[in-house]
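For reference, the structure discussed in these notes is given below.
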Amino acid sequence: MTQDFDPRTGYDANGQMVPKAYDAILLSSFGGPEGQDDVIPFLRNVTAGRGIPDERLEEVAVHYRKNGGVSPINGQNRALIAALEAELAARDINIPVYWGNRNWHPFVNDTLKNIAADGHRKVLLMGTGAYTGYSACRQYREDLGMGLRETGLEGVLEVDKLRQFFDTPAFVQPFIEGLSTSLAEVRAQLSAKNQNDAKIKIVFVTHSIPMSDANAAGPAQLRATASENLYTAQHRAVAEHILANVPEAQGLEHSLVYQSRSGAPHVPWLEPDINDALQADADAGVAGVVVVPIGFISDHMEVLWDLDTEAKDSCAQLGLAFSRAATPGTHHAFVSGLVDLVEERLADANGEALRDGRISVVAGGPWFDVCRPNCCEKRALDGTLRPTIAGVDSEVGVPAP
């Protein structure tokens, strides 16, 4: 492999980083409550600094209350870690996988302390967001940047990140299979009602974000030449790739919609909301929908509540056949593909990457190992920028002088 890495920075002009001898992997996630007593403290962490009273938080807490106060995201992360560990072991890669969350135990700062105490020094961050954007990428980089400073481990731990993986077979293959399965389910539901020729629509859905975040997604150089915000563009590209690889979907109408909007009503967010879109689809003569949650890697609370509860209920009220495609979860292609991404970054005895070349099957990829200046920038409530890792402008997590 020939690569023009800058010896001063360790990465090339395209943001690809030199392979390294990483000795720990850190899976970083949002976190979630593990019981009823955890729900409000967890939501206080999520909304810290916004002055939201507990009475308002209780309105949101109902999603968790109806699930015993337990977020499914924790069990899913534990299952993903176990699957990653098994795949790493099968490839004779002896690197431990740690887990650290933003909003609930195990908190990322505690995990950083454990990593350092265990003697590790080169850490590879595996964030659980597939796309570019503040919440999907930069906020994880901030978690680690602030964590290193708050724990006193700045200059002790070197922390890099895996590239965003929206464009990889790891991410899209489970959705390809899921769309095929769900289409068969919707057709069976319609056939049972003697509606074999009824109109079916494929509804791709992702998490809504503020328009300001959407317009700031990705580096300025790419934003300047894009016809729409990069967050939306990447989702559209994923949807088009999935459709192109499911023969049963050919000729069917499809759309990209959003879910889980929050915040002040006067702040613009990406639209349309899925429930509004479903009403419009029913009015237009659609008889059945396949909902494909391409914004999510697993069936966490927002998938189970916003889609499997609210959107499904909307379809029942509108008389629409409904099936929700599976998320990647611990699908073998997803787990194996994530380890492929690790191998891209791991150095062998000769300093070369264990896996040469970067697989990318969706337009807009492959993404950067090292984020561009001001990528997905979002200022804190006090107007300052938080420290980040894994950016060309990062001062934290870089090799000690």
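Identified under the side-chain hydrogen bond (donor to acceptor under 3.5 Å, both in side chains) test for residues 214-228, with sequence neighbours left out: Glu228-Arg236. Residues in residues 106-135 take part in these salt bridge (Lys or Arg N to Asp or Glu O under 4.0 Å) pairs, two or more places apart or across chains: Lys122-Glu158. Evaluation of the side-chain hydrogen bond (donor to acceptor under 3.5 Å, both in side chains) test over residues 311-320, restricted to residues two or more places apart or in two chains, returns Asn275-Ser314.
A salt bridge is absent between Asp369 and Lys161; no separation between the charged side-chain nitrogens and carboxylate oxygens falls under 4.0 Å. Under the 4.0 Å criterion applied to side-chain N and carboxylate O atoms, Arg78 and Glu34 are assigned as salt-bridge partners. Salt bridge status for Glu142 with Lys378: absent, with no side-chain N to carboxylate O gap under 4.0 Å. Under a 4.0 Å N-O distance rule, the pair Lys201/Glu253 qualifies as a salt bridge.
A 4.5 Å side-chain heavy-atom check between Glu240 and His254 finds at least one atom pair inside the cut-off. Proximity of Pro219 to Cys371: side-chain heavy atoms (C-beta onward) are nowhere separated by under 4.5 Å. Considering only heavy atoms from C-beta on, Val108 comes within 4.5 Å of Leu26 through its side chain. Contact of the Val292 side chain with the Val203 side chain is not registered, since no non-hydrogen atoms from C-beta on lie closer than 4.5 Å. Side-chain contact between Trp367 and Ser360 is absent, with no heavy-atom pair separated by less than 4.5 Å. The shortest distance between side-chain heavy atoms of Ile389 and Leu148 falls below 4.5 Å. At a threshold of 4.5 Å between non-hydrogen side-chain atoms, the residues Val172 and Val361 count as touching. The closest side-chain heavy-atom distance from Asn101 to Thr111 is not below 4.5 Å.
A donor-acceptor distance shorter than 3.5 angstrom exists from the side chain of Ser394 to the backbone of Gly391, with no hydrogens or angles considered. Of the possible donor and acceptor atoms, none in the side chain of Ser323 sits under 3.5 Å from a partner among the backbone N and O of Val186. Between the side chain of Asn74 and the backbone N or O of Gly32, at least one donor-acceptor pair lies under 3.5 Å. The closest donor-acceptor contact from the side chain of Asn14 to the backbone of Gln16 lies at 3.5 Å or more, if one exists at all. Using modelled atom types, one side-chain atom of Arg372 and one backbone atom of Val370 make a donor-acceptor pair closer than 3.5 Å. Thr47 places a side-chain N or O within 3.5 Å of a backbone atom of Leu43 that can act as its donor or acceptor partner. Side chain of His63 to main chain of Glu302: no donor-acceptor pair is present (N/O by atom type, distance under 3.5 Å, no hydrogens or angles). The backbone N or O of Arg65 sits less than 3.5 Å from a side-chain atom of Gln36, completing a donor-acceptor pair. In this structure, the side chain of Thr206 does not engage the main chain of Tyr258 through any donor-acceptor pair within 3.5 Å. No side-chain donor-acceptor contact under 3.5 Å links Ser180 to the backbone of Glu248.
Partners of His105 according to the ring pair (Phe, Tyr, Trp, His ring centres under 6.0 Å) rule, which considers only residues two or more places apart in sequence or in another chain, are Phe107. Evaluation of the side-chain hydrogen bond (donor to acceptor under 3.5 Å, both in side chains) rule for Asp276 yields no partner, not counting sequence neighbours. Remark: Phe166 pairs with Tyr131 by the ring pair (Phe, Tyr, Trp, His ring centres under 6.0 Å) rule, at least two apart or across chains. Qualifying ring pair (Phe, Tyr, Trp, His ring centres under 6.0 Å) partners for His331, counting only residues two or more places apart in sequence or in other chains: none. With sequence neighbours excluded, the residues that form a side-chain hydrogen bond (donor to acceptor under 3.5 Å, both in side chains) with Gln279 are Asp283. Applying the ring pair (Phe, Tyr, Trp, His ring centres under 6.0 Å) test to Tyr11 and every residue at least two apart in sequence or in another chain returns nothing. Residues forming a side-chain hydrogen bond (donor to acceptor under 3.5 Å, both in side chains) with Arg345 (at least two apart in sequence, or on another chain): Tyr22. Under the side chain to side chain contact (heavy atoms under 4.5 Å, CB included) criterion, Pro268 pairs with Met211, not counting sequence neighbours. With sequence neighbours excluded, no residue forms a side-chain hydrogen bond (donor to acceptor under 3.5 Å, both in side chains) with Thr132.
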Go through it in stages, so that I can follow the logic: the residues are Asp160 and Lys20, the test is salt bridge (Lys or Arg N to Asp or Glu O under 4.0 Å), and I'd like the CA-CA distance, side-chain angles, deciding distance and then a yes or no. CA-CA 10 Å; Asp160 301 318; Lys20 294 182 181 180; 2.9 Å; yes
Chi angles and distances behind the salt bridge (Lys or Arg N to Asp or Glu O under 4.0 Å) call for Glu154, Arg149: CA-CA 5 Å; Glu154 182 177 5; Arg149 288 194 168 166; 3.1 Å; yes
Under the salt bridge (Lys or Arg N to Asp or Glu O under 4.0 Å) rule, what do Asp340 and Arg91 come out as? Steps first, then yes or no, please. CA-CA 10 Å; Asp340 289 346; Arg91 301 191 195 189; 2.7 Å; yes
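Screening Glu59, Glu58, Lys66 against Val62 for a side-chain contact (heavy atoms from CB on, under 4.5 Å) leaves a single residue, Lys66. When each of Ser298, Ser71, Ser29 is paired with Asn77, the side chain to side chain donor-acceptor pair (under 3.5 Å) condition holds for Ser29 and for no other. Under the side-chain contact (heavy atoms from CB on, under 4.5 Å) test applied with Met126, the options Leu338, Ile81, Leu341, Val339 reduce to a single match, Leu338. Looking at Arg138, Gln139, Arg141 one by one, the single match for side chain to side chain donor-acceptor pair (under 3.5 Å) with Thr388 turns out to be Arg141. Partner of Leu179 under the side-chain contact (heavy atoms from CB on, under 4.5 Å) criterion, chosen from Asn245, Ile294, Val291, Ile242: Ile242.
A donor-acceptor pair shorter than 3.5 Å cannot be found between the side chains of Asn109 and Thr151. No side-chain donor-acceptor contact under 3.5 Å links Gln189 and Glu185. For the residue pair Thr128 and Tyr140, a side-chain donor N or O sits within less than 3.5 Å of a side-chain acceptor on the partner.
A 6.0 Å sphere centred on CG of Asn196 holds more than 12 heavy atoms belonging to other residues, nucleotides or ligands. By the 6.0 Å contact criterion, CG on Asp37 is open, its count of non-hydrogen atoms from other residues, nucleotides or ligands being 12 or less. For NZ of Lys193, the number of neighbouring non-hydrogen atoms (other residues, nucleotides, ligands) closer than 6.0 Å is greater than 12. Environment of CD in Glu395: sparse, with no more than 12 heavy atoms of neighbouring residues, nucleotides or ligands closer than 6.0 Å.
Pro72 and Asn67 get closest at one heavy-atom pair: CD-ND2, 3.9 Å. Between Gly133 and Ala217, the shortest heavy-atom distance links the atoms CA-CB, 3.9 Å.
In this structure, Arg163 is not positioned above the aromatic face of Phe165 in the sense of NZ or CZ being under 6.0 Å from the six-membered ring centre and within 45° of the axis.
Using cut-offs of 30° and 60° on the angle between ring planes, the pair Phe171 and Phe175 is perpendicular.
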